[in-house]
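I have placed the structure first, in the form of structure tokens, so that the comments after it can refer back to it.
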Amino acid sequence: ICRRNGVGSLAFRGLEWMTAAREEDRSQRSEVRSVIADMLAGLREMHYANAARSAWLGDHAVRIAGWFGEAGIRAATFKGPVLAGQLYGDDAMRQATDLDFIVHADDLVRARDLLAGRGFRSQQSMTDFEDGIWRGAGWGYDMSSPDTGLTVDIAAGASPDYLPFRLDSDAVWRETRVTGFRGGEVR
């Protein structure tokens, strides 16, 4: 259940804390302690695998944010390890499989082209006409690096497609702040 819902690290930390808090309590039956120990071992393995993935993603988030900043592209990280670091003080407390950036609508094509120039390939294959319709609908691009396997999602807004509104790129950008993360800076 934890793996399917991406909460293995949160469950590990919670169970670890509960186990430490109850160490003095020997009233639990040995069978219960054994089940808890087995669960904790499985969650620990899941947590450390996620921590390694989060560190890898976080380092890439800083690098890509730097590329965007150097190019004058207005982009802010969204979700993933940066959010986990801000919410929990530990970037491994949220499971992520890719990086997400909200990019100002005026900079979306430049962000896509910058990533393409760095070896990323768009997962969407379309003609220029289709691309114009795609962007006009407010959609972004899923860019993958064949070298690293990293996927970076760039979008002009963070609103799900089923909502009747889109976030205003200017309003989002005005509210972003630079924050330190993994030895670098991100928005």
Side-chain angles (χ1 to χ4, degrees), residues 5-7 9 50-126 128 130-187:
N5 292 295
V7 295
S9 291
N50 186 55
R53 174 88 177 161
S54 293
W56 182 77
L57 285 170
D59 290 344
H60 282 287
V62 169
R63 183 175 302 115
I64 293 167
W67 295 345
F68 287 153
E70 290 167 6
I73 294 170
R74 295 164 289 181
T77 58
F78 181 65
K79 305 185 302 184
V82 176
L83 176 64
Q86 292 173 335
L87 289 178
Y88 304 112
D90 181 350
D91 56 353
M93 296 309 287
R94 188 174 190 287
Q95 189 172 326
T97 58
D98 63 5
L99 294 175
D100 298 275
F101 285 86
I102 298 175
V103 178
H104 192 283
D106 295 340
D107 297 333
L108 185 61
V109 172
R110 288 189 326 125
R112 179 200 62 196
D113 293 347
L114 182 145
L115 289 173
R118 300 281 184 153
F120 286 78
R121 300 291 170 248
S122 176
Q123 293 180 355
Q124 293 82 15
S125 177
M126 56 189 115
D128 289 343
E130 292 167 332
D131 185 62
I133 293 171
W134 184 263
R135 281 183 285 115
W139 295 327
Y141 301 95
D142 299 330
M143 307 289 291
S144 294
S145 168
D147 297 333
T148 64
L150 174 66
T151 299
V152 177
D153 297 338
I154 55 173
S159 301
D161 295 337
Y162 55 81
L163 291 180
F165 63 87
R166 284 268 180 229
L167 292 178
D168 179 310
S169 290
D170 292 319
V172 169
W173 185 253
R174 281 192 303 272
E175 295 300 320
T176 64
R177 301 291 177 263
V178 174
T179 185
F181 181 72
R182 300 194 65 77
E185 292 185 338
V186 296
R187 281 193 177 269

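Closest of all the heavy-atom pairs between Phe68 and Ala111 is CE2-CB, 3.8 Å. The two residues Pro81 and Ser54 have their closest heavy-atom pair at CB-O, 3.9 Å. The nearest pair of heavy atoms linking Ala61 to Val186 is O-CG1, 4.1 Å. Looking at every heavy atom in both residues, Gly119 comes nearest to Pro146 through O-CD, 3.2 Å. Listed here is the closest heavy atom pair of Ala51 and Ala92: CA-CB, 3.5 Å. Closest of all the heavy-atom pairs between Gly184 and Val62 is CA-CG1, 3.7 Å.
No side-chain heavy atom of Leu115 sits less than 4.5 Å from a side-chain heavy atom of Phe101. The closest side-chain heavy-atom distance from Leu150 to Ile64 is below 4.5 Å. Using a 4.5 Å heavy-atom threshold, the side chains of Val152 and His60 count as separate.
Side chain of Arg112 to backbone of Ser122: no donor-acceptor contact under 3.5 angstrom is found. The closest donor-acceptor contact from the side chain of Arg182 to the backbone of Asp91 lies at 3.5 Å or more, if one exists at all. In this structure, the side chain of Asp131 does not engage the main chain of Met126 through any donor-acceptor pair within 3.5 Å. For Arg187 (side chain) and Thr77 (main-chain N/O), no donor-acceptor pair under 3.5 Å exists by modelled atom type. Of the possible donor and acceptor atoms, none in the side chain of Gln123 sits under 3.5 Å from a partner among the backbone N and O of Tyr141.
Separation of atoms CE (Met93) and CG (Leu83) is listed at 12.5 Å; rounding is to 0.5 Å. Distance CZ/Arg118 to CZ/Arg63: 9.5 Å, rounded to 0.5 Å. For the atom pair CZ of Phe181 and CG of Asp59, the computed distance is 8.0 Å after rounding to the nearest 0.5 Å. Rounded to the nearest 0.5 Å, atoms CG (Asp100) and OG1 (Thr151) are 10.0 Å apart. Note that OG of Ser125 is 8.0 Å distant from CD of Glu130, once rounded to the nearest 0.5 Å. Atom-to-atom distance recorded for Gln95:CD and Leu57:CG is 10.5 Å, nearest 0.5 angstrom.
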Walk me through it: do Val103 and Arg110 pass the test side-chain contact (heavy atoms from CB on, under 4.5 Å)? CA-CA 10 Å; Val103 178; Arg110 288 189 326 125; over 6 Å; no

Before you tell me yes or no, could you show the steps for Ile154 and Leu108 under side-chain contact (heavy atoms from CB on, under 4.5 Å), namely the whole-Å CA-CA distance, both residues' side-chain angles and the distance that decides it to 0.1 Å? CA-CA 7 Å; Ile154 55 173; Leu108 185 61; 4.1 Å; yes

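The residues Lys79 and Asp153 are annotated as not salt-bridged, no charged nitrogen and carboxylate oxygen being separated by less than 4.0 angstrom.
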